[in-house]
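Structure first, commentary second.
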There are 2 protein chains.
Amino acid sequence: MTQGTKTSTTDRRSDRTKAAILRAARERFAAQGYERTTIRAVASDAGIDASMVMRYFGNKAQLFDATLAIDLRLPDLTGIPADEVAEALVRHFLERWEGDPADDALLVLLRSAVTNEQAAARMHEIFAAQVNPALAAALPPELAARRAGLVSAQLLGLGLTRYLLRLPAVTTLTPDEIESGLAPAIQATLDPN
Amino acid sequence: MTQGTKTSTTDRRSDRTKAAILRAARERFAAQGYERTTIRAVASDAGIDASMVMRYFGNKAQLFDATLAIDLRLPDLTGIPADEVAEALVRHFLERWEGDPADDALLVLLRSAVTNEQAAARMHEIFAAQVNPALAAALPPELAARRAGLVSAQLLGLGLTRYLLRLPAVTTLTPDEIESGLAPAIQATLDPN
DNA sequence: AATGTAGGCCAACGCGTGTTGACTTTCCAG
DNA sequence: CTGGAAAGTCAACACGCGTTGGCCTACATT
């Protein structure tokens with residue numbers, strides 16, 4: 001029922017439009033945030049009717065939620081010398097933000113988390129599941145908890161000012177300038193004093 | 001015309017409700033951002049009708065704009081020893097954010113700037129008019145431009161994670177812990193290397 | 001007391017939204 | 001061929017929004 005004898009290559013047609021919807025939704029949510037993104041606009045971008053979005057994702061909140069599946073792909077910090085951890089982090093985030101211009105995932109999350117409870121909750125989850133463990137691997141156990149927050153604050157501050165607010169004083173910097181200016185700072189937060 | 005013989009003590013009545021509207025608007029914009037704040041709700045909070053808000057402020061965008069008159073009250077960094085500038089900055093911002101809980105100004109600006117072009121533009125102005133000059137007074141001239149952005153990124157990162165996103169790893173820190181963890185970091189960004 | 005004006009309320013408008021359900025088209029299995 | 005499900009369209013709904021204009025009320029000046 002519902003599907004034929006063999007559905008090994010999953011129903012094809014619907015999967016393609018479902019993916020198109022998700023792609024369009026990510027773009028809109030990233031550019032405009034949750035409230036200003038309309039289902040009609042997403043549907044139009046995906047080349048279908050708005051009611052199809054409802055059929056596949058239930059409602060706007062669930063579509064949004066599907067959009068928030070994000071992997072920071074944090075590197076394993078275990079092998080890295082203690083005094084190079086900050087540099088590795090900064091480099092990784094710059095690459096993550098700027099590497100693939102079509103990848104709006106981080107933009108969606110950060111922009112929405114500021115005005116949307118659902119996204120903020122997701123941010124907490126991602127923090128607990130990805131950032132904390134990664135830093136715990138590179139820091140003395142009891143220091144990690146107290147410093148992970150400040151390190152995140154600094155990295156998110158970079159994302160905020162460079163990619164969301166686009167403050168000229170930050171956007172005009174080259175990746176190298178950012179790395180050389182920010183890595184020592186974060187390193188100072190990481191090192192016990 | 002319009003006003004009587006002498007209006008020395010400004011028309012009284014209207015000024016009080018105008019102030020009440022502004023207060024309510026700041027609270028709503030701070031808590032919910034621009035889009036989710038409704039004029040009807042602001043009016044209700046101020047104890048008057050929605051059409052009064054229009055009478056006094058023209059439209060929603062202008063009300064919002066009136067809300068965005070913000071003075072960071074940055075201290076004069078000229079007299080401060082070079083190695084204490086970061087500490088002074090961190091302390092000042094903590095005080096500014098947490099000193100007067102009824103003062104939502106920074107919250108309004110930061111929350112809205114992420115999804116609203118108008119607020120983002122205001123952020124750029126404030127940055128150019130207040131942050132840049134203050135740092136220029138404490139840094140070697142040509143270094144200032146390249147470092148002011150990163151310092152702002154770090155300070156805004158703190159505001160973002162602690163007061164908007166309320167990441168547990170940041171909200172659980174005491175002001176002292178933040179100061180001792182973040183001041184050396186920002187100092188590292190300020191110091192030429 | 002008369003009156004003009006500022007402050008305020010009420011009802012309605014036009015619009016865009018999320019969401020729904022009935023209808024049509026495509027397409028593949030029997 | 002032919003059914004029937006999947007994929008997609010269309011028109012409409014109920015709602016809340018920003019905004020408007022007409023009306024009432026208080027009150028200070030004459």
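Lettering of chains follows the sequences in order, A, B, ..., and the numbering in each one begins at 1.
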Provide, to the nearest angstrom, the distance between the [atom1] atom belonging to [X] and the [atom2] atom belonging to [N].
| X | N | atom1 | atom2 | result |
| --- | --- | --- | --- | --- |
| A:R28 | C:dT17 | CZ | P | 10 Å |
| B:K18 | C:dG8 | NZ | P | 12 Å |
| A:R13 | C:dA29 | CZ | P | 15 Å |
| B:M52 | D:dC24 | CE | C1' | 12 Å |

Parallel, tilted or perpendicular: rings of A:F29 and A:F64 (30°, 60°) =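 A:F64 vs A:F29 ring planes: perpendicular.
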Taking only heavy atoms on the protein side, list every residue of residues 54-68 of chain A lying under 4.0 Å from any atom of DNA chain D, sorted numerically.
->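 When residues 54-68 of chain A is checked for heavy atoms under 4.0 Å from DNA chain D, the hits, listed by number, are A:R55, A:Y56.
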Specify the residues of residues 39-51 of chain A, ordered by number, for which at least one heavy atom lies under 4.0 angstrom from an atom of DNA chain C.
->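 By residue number: A:I39, A:R40, A:S51.
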Note: B:R73-B:D103 ion pair, threshold 4.0 Å (strictly below) |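 Salt bridge flag = yes for B:D103 with B:R73.
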May I ask you to decide whether A:R91 forms a salt bridge with A:E87, counting only side-chain N to carboxylate O separations under 4.0 Å?
->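 So A:R91 pairs with A:E87 through a salt bridge.
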Side chains of A:E35 and B:Y34: donor-acceptor distance under 3.5 Å anywhere?
->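 A:E35 vs B:Y34: no donor-acceptor pair found between side chains.
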Any luck finding a side-chain donor-acceptor pair between A:T174 and A:D176 under 3.5 Å?
->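 Note: A:T174 and A:D176 side chains miss the donor-acceptor criterion.
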Measuring from A:S180:OG to B:R146:CZ, what's the distance to the nearest 0.5 Å?
->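 CZ of B:R146 is found 10.0 Å from OG of A:S180.
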Quick one: does B:T78's side chain have a donor or acceptor within less than 3.5 Å of a partner on B:A137's backbone?
->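 It does not hold such a pair.
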